[in-house]
Amino acid sequence: MVSFIWSVADLLRGDYRQSEYGKVILPFVVLRRLDCVLEPTKQAVLDAHEKFKDKPVHHEFVLRASGHSFYNTSPLTFERIAADPSQTANNLTHFINAFSYNAHEVLEKYEFEGQIRKLDNSGLLYQVVGKFADLDLSPDRISNVQMGYIFEELLRKFSEMSNETAGEHFTPREVIKLMANLLLAPDEDVLRTPGIIRQILDPACGTGGMLTEMHDHITALNPDAKAVVFGQELNPESWAISRSDLMIKGQDPEHIKFGNSFSHDRHQSRKFDYMLANPPFGVEWKKVKDDVEAEYELGSSGRFGAGLPRINDGSLLFLQHMISKMKPVQLDEEGEKRGGSRIAIVFNGSPLFTGAAGSGESEIRRWILENDWLEAIVALPDQLFYNTGISTYFWVLTNRKDRAHEGKVKLIDAREHWTKMRKSLGEKRKEISAEQITELTRLYADALGVVEDPELPLHGKVKVFGNEDFGYQRITVERPLKLRFEVTEETLVELAAALDKGKTTAKYEQKTELVEAMRSLVGSEPSFKKTEFADRIQQALAEGGIAKPPTPVMKAVWGAVSVRDPEGEVQKKKGQPEPDADLRDFENIPLDEDLDAYMEREVLPHVPDAWVDYSKTKIGYEIPFTRHFYVYTPPRPLEEIDAELKELEGEIQRLLGEVTK
C-alpha cells in the first residue's frame with residue numbers, strides 16, 4: 001500500500017523538489033481516507049443536508065446521519081472528481097469546502113488549496129486525483145492500526161528525504177506497546193470495572209500512535225471501558241493526521257490540540273489518569289524561553305517551579321508539564337490510595353545524570369525523588385528508534401505507589417531484550433518481540449520478588465534502590481593558601497603589566513619609580529613570613545623615595561611577589577586560614593554518609609590540613625544507571641595474549657614468504 005502511494009511521487013518529479021513530496025501526498029492520503037470512511041453513509045448525509053440545510057438543527061442531524069464526528073455534504077467523490085478532467089480543480093475545491101469544520105481545519109494545516117493550484121498549473125492535478133481514486137482506503141480493507149502504519153512509513157520517507165528527524169513524528173509500535181503494558185499493568189483489575197472511564201494525555205502526540213495503543217489496550221481489557229484520549233502537537237502535519245485519526249474512530253477530534261505544550265498549554269484545566277510521551281531528544285526551548293521562565297518564577301503555582309534544564313534540552317520540561325496534570329490522591333477507609341495518575345515517558349540518557357548539584361536538572365530529579373513519584377526506569381536496547389541509534393530509557397512515575405513500593409525505585413536492564421530486524425528502517429535495526437514484551441512486563445510486575453531471589457534467571461537485570469540512594473552531598477574541600485615572598489626580574493615584569501592593566505593603578509603616577517625601587521630586592525633570599533617581607537618592601541620604597549602607595553597599587557605588588565609554596569606560610573583572614581582556590585576540590589558523598597567520618601577516612605590521611613566549607617554544601621540527585629549494572633570483566637591472561645601475538649607473527653611471516661616467492 002505504501003509503495004502504491006509512493007508511486008505518486010513519480011508524477012511529481014521535476015515540478016516538485018523531493019523535500020516537497022509530503023506536502024502533496026500526505027493531505028491526499030488523509031482526504032482519500034476520509035472519503036472512504038464516509039462512503040457508506042454518503043446518501044444518508046445528502047438526504048439530511050437537503051432536508052435540514054436551512055434549519056438550526058442542520059449540523060446535529062447531518063452528523064447523526066454520517067455516523068461519525070465529521071461529514072461532507074458534497075455529492076462528489078474521488079471517483080466522480082477523477083471522471084471530469086476539465087473541472088478537477090474546481091470540483092476538488094468544492095469537495096474540500098463541503099467538509100464539516102473539524103475536518104476542513106485538518107486540511108487547512110496542510111495549506112492544501114495552495115497545493116491544488118500548483119498541481120493544476122503544472123497539469124498534474126488530474127493525474128494525482130486519478131491515482132488516489134484507484135486507492136481503496138476503506139476501513140473494511142485498511143484498519144485504523146494499519147492506517148497508522150501507512151502514515152508513519154510515509155512520514156519516515158519524507159523526513160529522510162528532507163533531512164528532518166523522523167523520530168519527532170512517531171515511535172515504533174512495539175515500543176509503545178511495552179510502554180502501555182508497564183503503565184497499565186498495575187491497574188488491570190481496576191480497568192475491568194464495568195463502565196470505567198479513563199482519560200489519557202500525550203503532550204507531544206505526533207500522529208497519535210501512543211494514544212491509539214493506550215485506547216486499544218484498555219478496551220481490549222474491558223470492552224465496556226471508555227478510554228478518552230487527549231493530545232497536543234506542534235507539527236501541523238502530524239497534528240492533522242492525529243486529529244483525522246480520532247475523527248475516523250468516532251472520538252472527539254477537538255481533544256487533539258495544536259501548539260507548543262510549553263508556551264500554550266491547551267489542556268490547562270484538565271487532569272489525567274494516564275500520561276505518556278516520547279518527546280524529541282535534545283530539542284532546545286529557546287523559542288519559548290520567556291514563557292517557560294515566567295512560569296518558573298511562579299514556583300509551585302506554575303508547571304516548571306522545580307527547576308529549568310539546559311536551554312538545549314527540554315526533556316525534563318515535558319516531564320514537569322505532565323506531573324502538573326496528575327490527579328490528586330485520596331485515601332480510602334483502609335488507608336489505600338485512590339485516584340492519582342501514572343506517567344511513562346521516553347528519554348535518552350541525559351536526564352539521568354546531566355547537571356551538577358544545584359543545577360536545574362539535579363533539582364528536578366530531587367523534586368521527583370523526594371516526592372516519591374519515580375516508580376521505575378527501564379533501559380531499552382539501542383538502535384530501537386528510527387532517527388537515532390542511541391540508548392533510551394522509560395521513566396515510569398506515579399503519585400499512588402502501593403505500600404510495597406513506597407520509597408523505592410526499580411531499575412530494570414532490558415538492553416539485551418531485542419531481536420534483529422530483517423530490514424532496517426533508518427537507524428532502527430532492532431525490535432522487541434511480542435514474547436520479549438511479555439517477559440519484560442512480567443519482570444516489571446515481579447521486580448521486588450526477582451531481586452529477593454538470586455536463583456531466578458533474570459535476577460541480575462533488576463535492582464531496587466531507596467529514593468535517597470540517588471542523592472548526594474556535594475562538599476567543598478578547602479586547603480590553606482601557603483605562600484613565600486620573593487622578587488625576581490620576572491616578578492618586576494609581571495608587576496609592571498599589572499599596574500598598567502588596572503583601571504586605578506594605571507593612573508598611578510609613580511609606577512616606573514615603584515618598579516625600580518622594588519628592583520633592589522632582586523636576588524635577596526625568599527621570605528616565608530609576610531610581615532617580615534612587608535618590612536623589606538617598605539624599606540625599598542622608602543629608599544626609592546616612594547610615598548605610601550594607594551591600596552590597589554599595594555594589592556598589585558603583593559600579587560606579584562606572592563608565590564604558592566607547600567612549605568610556605570599559611571595565610572589567614574580574620575584569624576582563619578585563607579583557602580587556596582587552586583587546591584579547592586569537590587567530593588560527592590552519599591546522603592546517609594557522615595561528612596566528618598568521610599573526611600577522617602578518605603581525605604585527612606592524605607591532606608591533614610584540609611577542611612570542609614559547610615556553607616557551600618549542596619544536595620544533588622543523579623541516577624547512574626549504567627554504573628549499577630556494570631559487570632567487571634577481567635583482562636585475558638598475559639600468557640594467552642602473548643601466544644596469540646606469536647601466532648599472528650607466524651602468520652605474517654608465512655604471508656610475506658608467499659609474496660616474495
Side-chain angles (χ1 to χ4, degrees), residues 262 275 277 279 282 285 292-293 295-326 328-329 340-379 393-401 405-411 463-476 586-595 598 612-628:
F262 296 160
M275 288 168 273
W285 46 278
V292 171
E293 289 182 343
E295 200 153 348
Y296 167 71
E297 295 297 330
L298 296 175
S300 58
S301 300
R303 290 174 294 162
F304 309 122
L308 298 180
R310 294 165 301 153
I311 197 75
N312 61 355
D313 189 356
S315 299
L316 287 169
L317 291 180
F318 271 105
L319 185 52
Q320 289 188 83
H321 170 71
M322 296 164 78
I323 289 172
S324 74
K325 298 188 175 300
M326 290 197 298
V329 173
S341 304
R342 290 180 61 78
I343 295 172
I345 190 166
V346 183
F347 281 154
N348 61 11
S350 180
L352 291 169
F353 52 80
T354 300
S359 67
E361 291 92 344
S362 178
E363 287 300 293
I364 296 168
R365 290 189 292 266
R366 178 179 182 178
W367 175 65
I368 291 169
L369 286 159
E370 289 186 351
N371 279 287
D372 197 20
W373 291 329
L374 184 59
E375 178 178 285
I377 293 177
V378 181
Y393 301 81
F394 285 158
W395 287 42
V396 183
L397 298 89
T398 182
N399 58 350
R400 54 177 167 85
K401 286 185 181 180
H405 291 88
E406 286 179 353
K408 298 175 182 176
V409 178
K410 299 182 285 188
L411 301 185
K463 296 184 184 296
V464 178
F465 295 91
N467 294 334
E468 66 282 354
D469 292 338
F470 301 114
Y472 61 89
Q473 305 168 82
R474 182 173 174 81
I475 63 171
T476 303
F586 301 94
E587 299 274 352
N588 291 345
I589 315 301
L591 279 181
D592 57 359
E593 176 91 31
D594 181 85
L595 297 185
Y598 177 86
V612 176
D613 185 345
Y614 291 99
S615 67
K616 296 179 181 177
T617 298
K618 295 180 180 179
I619 302 299
Y621 278 81
E622 65 177 11
I623 306 170
F625 193 101
T626 305
R627 186 197 309 164
H628 289 307

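L308 places a side-chain heavy atom less than 4.5 Å from the side chain of L317. Looking only at side-chain heavy atoms (C-beta outward), Y621 and L591 come within less than 4.5 Å of each other. The shortest side-chain heavy-atom distance between P309 and W285 falls under the 4.5 Å cut-off. By the 4.5 Å heavy-atom criterion applied to side chains, H321 and R303 are counted as neighbours. In this structure, the side chains of W367 and W373 come closer than 4.5 Å at one or more pairs of heavy atoms. Between E622 and R627, the closest side-chain pair of non-hydrogen atoms falls below 4.5 Å. Using a 4.5 Å heavy-atom threshold, the side chains of E468 and D592 count as separate.
Among V464, L369, I623, the one residue that satisfies the side-chain contact (heavy atoms from CB on, under 4.5 Å) test with V409 is L369.
For the pair Y393 (side chain) and P351 (backbone), a donor-acceptor distance under 3.5 Å is absent. Remark: side-chain polar atoms of E587 are not paired, donor with acceptor, to backbone N or O of R474 under 3.5 angstrom. A donor-acceptor pair is defined here as one N or O able to donate and one able to accept, closer than 3.5 Å; such a pair exists between the side chain of K401 and the backbone of L374.
Note that CD1 of I619 is 8.5 Å distant from CD of E370, once rounded to the nearest 0.5 Å. One finds the NZ atom of K463 at 9.0 Å from the NE2 atom of H628 (value rounded to the nearest 0.5 Å). Residue R366 holds its CZ atom at 13.0 Å from CG of N467, rounded to the nearest 0.5 Å. The line from CD1 of I368 to CG of L316 is 6.5 Å long, rounded to the nearest 0.5 Å. Rounding to the nearest 0.5 Å places CZ of R365 at 6.5 Å from CH2 of W395. The OG atom of S359 sits 8.5 Å away from atom NZ of K618, with the distance rounded to the nearest 0.5 Å.
Residues in residues 344-361 take part in these salt bridge (Lys or Arg N to Asp or Glu O under 4.0 Å) pairs, two or more places apart or across chains: R310-E361.
Here the shortest heavy-atom pairing between G355 and Y472 reads O-OH, 4.4 Å. The two residues E295 and F262 make their nearest non-hydrogen contact at OE1-O, 4.5 Å. I377 and F625 get closest at one heavy-atom pair: O-CE1, 3.6 Å. Contact between A357 and S362 at its shortest, heavy atoms only, is CA-OG, 3.9 Å.
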Solution key, residues 340-349 side-chain donor-acceptor pairs under 3.5 Å, sequence neighbours excluded:
residue : atom : partner : partner atom : Å
S341    : OG   : F272    : O            : 2.5
S341    : OG   : K327    : N            : 2.7
R342    : NE   : L183    : O            : 2.7
R342    : NH1  : E375    : OE1          : 2.8
R342    : NH2  : L182    : O            : 3.2
R342    : NH2  : E375    : OE2          : 2.9
N348    : OD1  : S350    : N            : 3.2

One pair to check against side chain to side chain contact (heavy atoms under 4.5 Å, CB included): L595 and I475. What are the steps and the verdict? CA-CA 9 Å; L595 297 185; I475 63 171; 3.8 Å; yes

